[in-house]
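One structure is given here, and the rest of the page talks about it.
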Amino acid sequence: MYKISLITGDGIGPELSESALQILNAVHDRLDVKFQIESIMAGDAALAKYGNALPKSTIDVIRKSDACMKAPVGESAADVIVALRRMLNLYANIRPAKSYPYMHALKDDIDLVIVRENTEDLYTGQEFELSGAAVAFRIISENASKKIAKYAFETAIQRNGKKTVTCVHKSNVMRKTDGLFSRVCSQIAKDYPQIKFEQMYVDACAMNLIRKPESFDVIVTTNLFGDILSDEAAEVVGGLGMAPAANIGDDFALFEPVHGAAFDIAGKGIANPSSFILSAKMMLDWLGKKHNDKKCMYAADKLESAVYGVVKKGVKTQDIGGNKSTMEFTKEILSLLTYI
Ligand code: ATP
């Protein structure tokens with residue numbers, strides 16, 4: 001029995017959470033992976049109710065769970081997700097971008113993953129004002145760079161990809177910080193002779209993600225660059241509505257869509273739940289590997305096949321060219337989960 005904490009979020013978060021809850025209940029009932037799911041609050045709604053975007057009671061439930069599913073939160077995102085990533089030392093942010101048939105991807109053969117350092121860089125929020133200027137600390141440590149570089153090479157080994165790691169930075173301008181990141185990644189590369197290692201400036205990477213996205217396998221980069229490049233990569237393969245992510249630490253992991261709370265479509269019942277359902281797929285994969293639980297890994301594969309089976313049938317939400325509602329789309333996935 002896995003204990004799952006579920007942050008229901010803001011904006012389209014509650015709609016995505018309802019969809020994911022129905023899917024996980026079906027996985028529990030039909031694929032024999034047992035969950036106990038506890039819904040908790042964090043974000044703008046928690047701030048309004050408790051005066052704190054990340055209440056202690058929420059942190060307590062997360063700490064007692066085996067994994068956390070987090071729907072997007074609104075304006076208080078930095079106080080929730082950035083805080084949780086650092087508090088739980090979730091140092092690796094994994095953002096796959098894969099082109100699937102029947103989706104509007106730029107190319108058909110894209111299958112890359114962005115491995116983003118998740119705990120430092122400009123996202124530590126250490127900013128201050130200084131006589132007419134605003135200053136931010138950019139911290140890039142040897143320790144965190146080593147950990148993320150190793151994670152990227154191990155990912156390249158496990159994936160059925162091009163066995164290539166591309167280290168993305170801007171060391172020609174930020175010589176100290178990105179210089180360190182690039183140097184550490186090159187050192188770690190020496191321990192993985194079976195993996196091809198290349199380096200690319202972030203502006204060139206942004207261009208190449210449009211120009212030849214199929215050439216990438218694993219991209220390893222710092223926090224801010226990874227955030228921006230992963231939104232771009234998501235659009236290249238068909239849109240943010242299909243983009244899942246995992247925040248991974250040594251013992252705990254949190255799964256969430258790449259996108260934010262999308263207030264422009266909140267409450268309309270039209271959000272694409274795939275980003276959160278595919279995040280649940282990543283959770284099943286992670287739990288399966290951690291606990292050597294074959295049922296979990298099987299369920300992960302079946303969930304992914306069901307999402308793409310639905311898209312293949314032409315059943316789509318508005319953002320990917322269809323007219324189905326969040327719940328209609330969810331029901332279609334549930335119907336495919338029945339027959340496997
Ligand atoms: P953040 O800065 O918190 O990441 P953002 O303001 O950049 O958020 P997002 O919420 O990430 O914006 O999304 C950008 C747009 O993409 C949304 O306004 C919405 O129209 C669309 N979008 C995002 N997620 C989905 C989804 N799951 N289904 C449909 N459309 C989506």
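Just follow the structure's listing: the first ligand is 1, and inside any ligand the first atom is 1. Keep in mind it's a predicted model, so treat the numbers as computed, not measured.
Of all the heavy atoms of A77, none lies under 4.0 Å from any atom of ligand 1, so neither backbone nor side chain is involved. By the criterion of a heavy-atom distance under 4.0 Å, neither the backbone nor the side chain of L16 is placed next to ligand 1. In N272, the parts holding a heavy atom less than 4.0 Å from any atom of ligand 1 are both the side chain and the backbone.
At the shortest separation from atom 7 (O) of ligand 1 among protein heavy atoms lies D231 OD2, 5.0 Å. The protein non-hydrogen atom at the shortest distance from atom 17 (C) of ligand 1 is D264 OD1, 3.5 Å. Here the protein heavy atom with the shortest distance to atom 30 (N) of ligand 1 is I265 CD1, 3.5 Å. In this structure, the protein non-hydrogen atom closest to atom 15 (C) of ligand 1 is L240 CD1, 4.6 Å. At the shortest separation from atom 11 (O) of ligand 1 among protein heavy atoms lies G260 N, 2.7 Å.
Within ligand 1, the atoms closer than 4.0 Å to a non-hydrogen atom of A271 are 28 (N), numbered from 1 in the order shown. In summary, the atoms of ligand 1 found under 4.0 Å from a heavy atom of A261, numbered by their order in the structure, are 10 (O). Close approach of ligand 1 to G241 (heavy-atom distance below 4.0 Å) involves ligand atoms 26 (C), 27 (N). For ligand 1 and H259, the ligand atoms under 4.0 Å from any heavy atom of the residue are 11 (O), 23 (C), 24 (N), 27 (N).
A donor-acceptor pair under 3.5 Å links the side-chain atoms of D10 to the main chain of G74, judged by distance alone. Side chain of S65 to backbone of C68: no donor-acceptor contact under 3.5 angstrom is found. Counting only distance, with no hydrogens or angles, the side chain of N223 and the backbone of D121 share no donor-acceptor pair below 3.5 Å.
Proximity of the aromatic rings of F128 and F137 is defined here by a centroid distance below 6.0 angstrom, and this criterion is met. In this structure, the ring of H169 has its center no less than 6.0 angstrom from the ring center of F225.
With Y91 as the aromatic partner, K147 meets the cation-pi criteria of under 6.0 angstrom to the ring centre and within 45 degrees of the ring axis.
At least one N or O atom of A262, backbone or side chain, sits closer than 3.5 Å to an N or O atom of ligand 1.
Using cut-offs of 30° and 60° for the angle between ring planes, the F153 and F197 rings count as tilted.
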